[in-house]
Amino acid sequence: MGNPIAMSADLSKTAYDHLWMHFTRMSSYENAPVPTIVRGEGTYIYDDKGRKYLDGLAGLFVVQAGHGRQELAEVAAKQAAELAFFPVWSYAHPKAIELAERLANHAPGDLNKVFFTTGGGEAVETAWKLAKQYHKLTGNHTKYKVISRAVAYHGTPQGALSITGLPALKAPFEPLVPGAHKVPNTNIYRAPIHGDDPEAFGRWAADQIEQEILFEGPDTVAAVFLEPVQNAGGCFPPPPGYFQRVREICDQYDVLLVSDEVICAFGRLGHIFACDKFGYVPDIITCAKGMTSGYSPIGAAIVSDRVAEPFYKGGNTFLHGYTFGGHPVSAAVALANLDIFEREGLNQHVLDQEPAFLRTLQKLYDLPIVGDVRGNGFFYGIELVKDKATKESFTDEESERILYGFVSKKLFEYGLYCRADDRGDPVIQLSPPLISNQSTFDEIEQIIRQVLTEAWTKI
């Protein structure tokens, strides 16, 4: 056993010695302090030194209702005292039942069946397995492949990682699950064709999915996985008509459409489910993060009656599950979180404020390093360039030196927690809590302006 007094005396040293942080280059903390966050309140977080930071990423696209919500903590404690745990393996408990009904009521079309997980990657894994077995049960035994988009991130389990379109994230773990194929994404800023015509570009991008289905063979493709607004690469919104065309293609070739809303659901774009904002009805929605505003972990695959039907017949069983799926405490917190959404009108607040957020970020266009500002709702990416006219991006060395070595550190040092990322092209991503307002937007813009002004001198 470690010495508890020594641990509390130097949290940073203990973190380096024992806490293996996720997606983290651990060597960078060998001789440097580990940022340690101890408290949150509203849109702000505080570290162990008492310093205050604006949470410009809602934790990790998660803390929709803001930090420090006492009622969510109280709901969790009450439920833990009443029924802390019971699985939903052949049994049910009231909170899982109630939450499943509530999610089904929010979901579009006939998406009425809710399969709970403990996170987003598990929800994606669930959806692929479900799609494979669905086609087997309906007589299409050769349909197992999935199509997703270049640079898209869908999670870390082996299947979800295969669906992910980021080669560098996959290389250490290959070979992965076979059958995952990629098509172009909807980054119109770097469109290879129709860059000046959003509708034509959207049609082209959607048609690439049809071409991939035909290339692989329609009798082999089970599902298409798409985020309403693609996260990795820096917040690519869908062009007009894109999802309507994708829905047509999926229907034509008997391919399931999975709307991966792990980030986009629960108000991030101003709707409980983002597919409603863009006017399409998927066959499965995967979701997680914002369902509880991060106060307890939970995820789900929400499935249409049509896809669920064969599983509800005879001896058919979906041989899949997670110990903590539909956890009583998490389900109770999710219900209370949705109560906050309704009581405080968080979705409408996002819809009302998104134009102001975008306008505030667009002020940064006067900086030579800012090439593009894009996104939707409370979810935006700022792409950095060396040359606005040619859209020339950073080299790998410049990304390492400027994006990670300077921009990322300085943003945090100046009081803004967000993400500086080069999965794709170098971007700063912003996803603040949904309670944010104009003062939040101004603070974000001012800190980014200061950091990027300095960064430009280092190119």
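Side chains are part of it too, since the values below use all heavy atoms of this structure and drop only hydrogens, waters and symmetry mates.
No donor-acceptor distance shorter than 3.5 angstrom exists from the side chain of Thr286 to the backbone of Val124, with no hydrogens or angles considered. Between the side chain of Arg374 and the main chain of Pro237, no donor-acceptor pair closer than 3.5 Å is present. Between the side chain of Asp47 and the main chain of Thr36, no donor-acceptor pair closer than 3.5 Å is present. Using a distance-only test at 3.5 Å, with no hydrogens or angles considered, a donor-acceptor pair links the side chain of Gln244 to the main chain of Phe278. A donor-acceptor pair is defined here as one N or O able to donate and one able to accept, closer than 3.5 Å; such a pair exists between the side chain of Thr24 and the backbone of His22. Glu199 places no side-chain N or O within donor-acceptor distance of the main-chain N or O of Pro240, the cut-off being under 3.5 Å. The main-chain N or O of Val329 is never found under 3.5 Å from a side-chain atom of Ser296 such that the two would form a donor-acceptor pair. When atom types are taken as modelled, the side chain of Ser330 and the backbone of Gly326 share no donor-acceptor pair closer than 3.5 angstrom. Listed for the His154 side chain is no donor-acceptor partner under 3.5 Å among the backbone atoms of Gly120. Asn185 places a side-chain N or O within donor-acceptor distance of the main-chain N or O of Ala150, the cut-off being under 3.5 Å.
In this structure, Asp197 does not pair ionically with Arg203, as no charged nitrogen and carboxylate oxygen lie closer than 4.0 Å. Taking a cutoff of 4.0 Å between a charged side-chain nitrogen and a carboxylate oxygen, Glu397 and Arg401 qualify as a salt bridge. Using a cut-off of 4.0 Å between Lys/Arg side-chain N and Asp/Glu carboxylate O, Glu82 and Lys95 are scored as not salt-bridged. Under a 4.0 Å N-O distance rule, the pair Glu443/Lys52 does not qualify as a salt bridge. Between Glu445 and Arg449 there is a salt bridge, since at least one side-chain N of the basic residue sits less than 4.0 Å from a carboxylate O of the acidic one. The residues Arg268 and Glu227 are annotated as not salt-bridged, no charged nitrogen and carboxylate oxygen being separated by less than 4.0 angstrom.
Aromatic rings from Phe379 and Phe61 are positioned such that their centres are separated by under 6.0 Å. Aromatic rings of Phe115 and Tyr322 (six-membered ring for Trp) have centroids beyond the 6.0 Å cut-off, not under it. Residues Phe357 and Phe378 bring their aromatic ring centres within 6.0 Å.
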**Message:** Between Asp339 and Arg102, is the salt bridge (charged side-chain N to carboxylate O under 4.0 Å, His left out) condition met? List the steps.
**Reply:** CA-CA 11 Å; Asp339 288 343; Arg102 196 152 172 188; 2.7 Å; yes
**Request:** Under the side-chain contact (heavy atoms from CB on, under 4.5 Å) rule, what do Lys289 and Phe266 come out as? Steps first, then yes or no, please.
**Result:** CA-CA 8 Å; Lys289 293 182 183 292; Phe266 305 109; over 6 Å; no
**Message:** What verdict does the side-chain contact (heavy atoms from CB on, under 4.5 Å) test give for Lys182 and Val151, after you've listed the backbone C-alpha separation in whole Å, the side-chain angles of each residue and the deciding distance to 0.1 Å?
**Reply:** CA-CA 9 Å; Lys182 308 297 177 287; Val151 194; over 6 Å; no
**Stepwise side-chain contact (heavy atoms from CB on, under 4.5 Å) test for Tyr404 and Asp422** = CA-CA 9 Å; Tyr404 293 116; Asp422 68 345; 2.7 Å; yes
**Request:** For the pair Thr440 and Ile444, evaluate side-chain contact (heavy atoms from CB on, under 4.5 Å) and give the outcome as yes or no after the intermediate values.
**Result:** CA-CA 6 Å; Thr440 317; Ile444 287 171; 4.2 Å; yes
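In this structure, Lys391 forms a cation-pi arrangement with Tyr189, its terminal cationic atom sitting closer than 6.0 Å to the ring centre and no more than 45° off the ring axis.
Interatomic distance, Leu434 CG to Asn437 CG, rounded to the nearest 0.5 Å: 12.5 Å. Atom OH of residue Tyr16 and atom CG of residue Asp10 lie 13.5 Å apart, to the nearest 0.5 angstrom. Gln64 CD to Ile340 CD1: the interatomic distance, rounded to the nearest 0.5 Å, is 11.5 Å. Here the straight-line distance linking atom CD1 of Ile382 with atom SG of Cys418 works out to 8.0 Å at 0.5 Å rounding. Taking CD1 from Ile284 and OG1 from Thr126, the interatomic distance works out to 9.5 Å, rounded to the nearest 0.5 Å. Atoms NZ and CD, from Lys458 and Glu398 in turn, are 13.5 Å apart once rounded to the nearest 0.5 Å.
Side-chain polar atoms of Ser259 and Tyr280 form a donor-acceptor pair below 3.5 angstrom. Side-chain contact of Thr292 with Asn337: a donor-acceptor pair under 3.5 Å is absent, judged by distance alone. Neither side chain, Gln230 nor Asn187, offers a donor N or O lying under 3.5 Å from an acceptor on the other. Judged purely by distance below 3.5 Å, without hydrogens or angles, the side chains of Gln438 and Asp442 pair a donor atom with an acceptor atom. For the residue pair Asp276 / His271, no side-chain donor-acceptor distance below 3.5 Å is found, with atom types taken as modelled.
Counting only heavy atoms from C-beta outward, the side chains of Leu226 and Ile209 approach each other to under 4.5 Å. Side-chain contact between Leu130 and His320 is absent, with no heavy atoms from C-beta onward closer than 4.5 Å. Residues Val229 and Pro238 are in side-chain contact: their nearest non-hydrogen atoms beyond the backbone lie under 4.5 Å apart. When side chains are defined from C-beta on, Leu19 does not count as touching Thr14, because their heavy atoms never get closer than 4.5 Å. Side-chain contact between Ile147 and Phe225 is absent, with no heavy-atom pair separated by less than 4.5 Å. Contact of the Val114 side chain with the Leu99 side chain is not registered, since no non-hydrogen atoms from C-beta on lie closer than 4.5 Å. Side-chain contact between Cys275 and Ile285 is present, with at least one heavy-atom pair separated by less than 4.5 Å. Side chains of Leu161 and Val177 form no contact here, defined as non-hydrogen atoms less than 4.5 Å apart.
What you find for Pro426 and Ser393 is that their closest heavy atoms are CD-OG, 3.1 Å. Closest non-hydrogen pair, Ala300 versus Thr117, comes out as N-OG1, 3.5 Å. When all heavy atoms are compared, the tightest approach of Ala107 to Ile302 is CB-CG2, 4.1 Å. Shown here for Leu269 and Ala274, the closest heavy-atom pair between the two residues is CD1-CB, 3.6 Å. Residue Ser436 comes nearest to Phe441 through the heavy atom pair CB-CE2, 4.1 Å, listed as atom of the first residue, atom of the second, then distance. Heavy-atom minimum distance, Gly66 versus Tyr295: O-OH, 2.7 Å.
Of the residues Phe412, Tyr46, Tyr417, the one that meets the ring-ring contact (aromatic ring centres under 6.0 Å, His included) test with Tyr53 is Phe412.
Environment of CG in Asp366: crowded, with over 12 heavy atoms of neighbouring residues, nucleotides or ligands closer than 6.0 Å. By the neighbour-count criterion of 12 heavy atoms within 6.0 Å, atom NZ of Lys78 is sparsely surrounded, having that number or fewer from other residues, nucleotides or ligands. Arg343 CZ: more than 12 foreign heavy atoms inside a 6.0 Å radius. Summarising the local packing, NZ of Lys388 is surrounded by more than 12 heavy atoms from other residues, nucleotides or ligands at distances under 6.0 Å.
Remark: Phe324 engages Phe85, Thr118, His327 in a side chain to side chain contact (heavy atoms under 4.5 Å, CB included) (not counting sequence neighbours). Not counting sequence neighbours, the partners of Arg423 by the salt bridge (Lys or Arg N to Asp or Glu O under 4.0 Å) test are Asp421.
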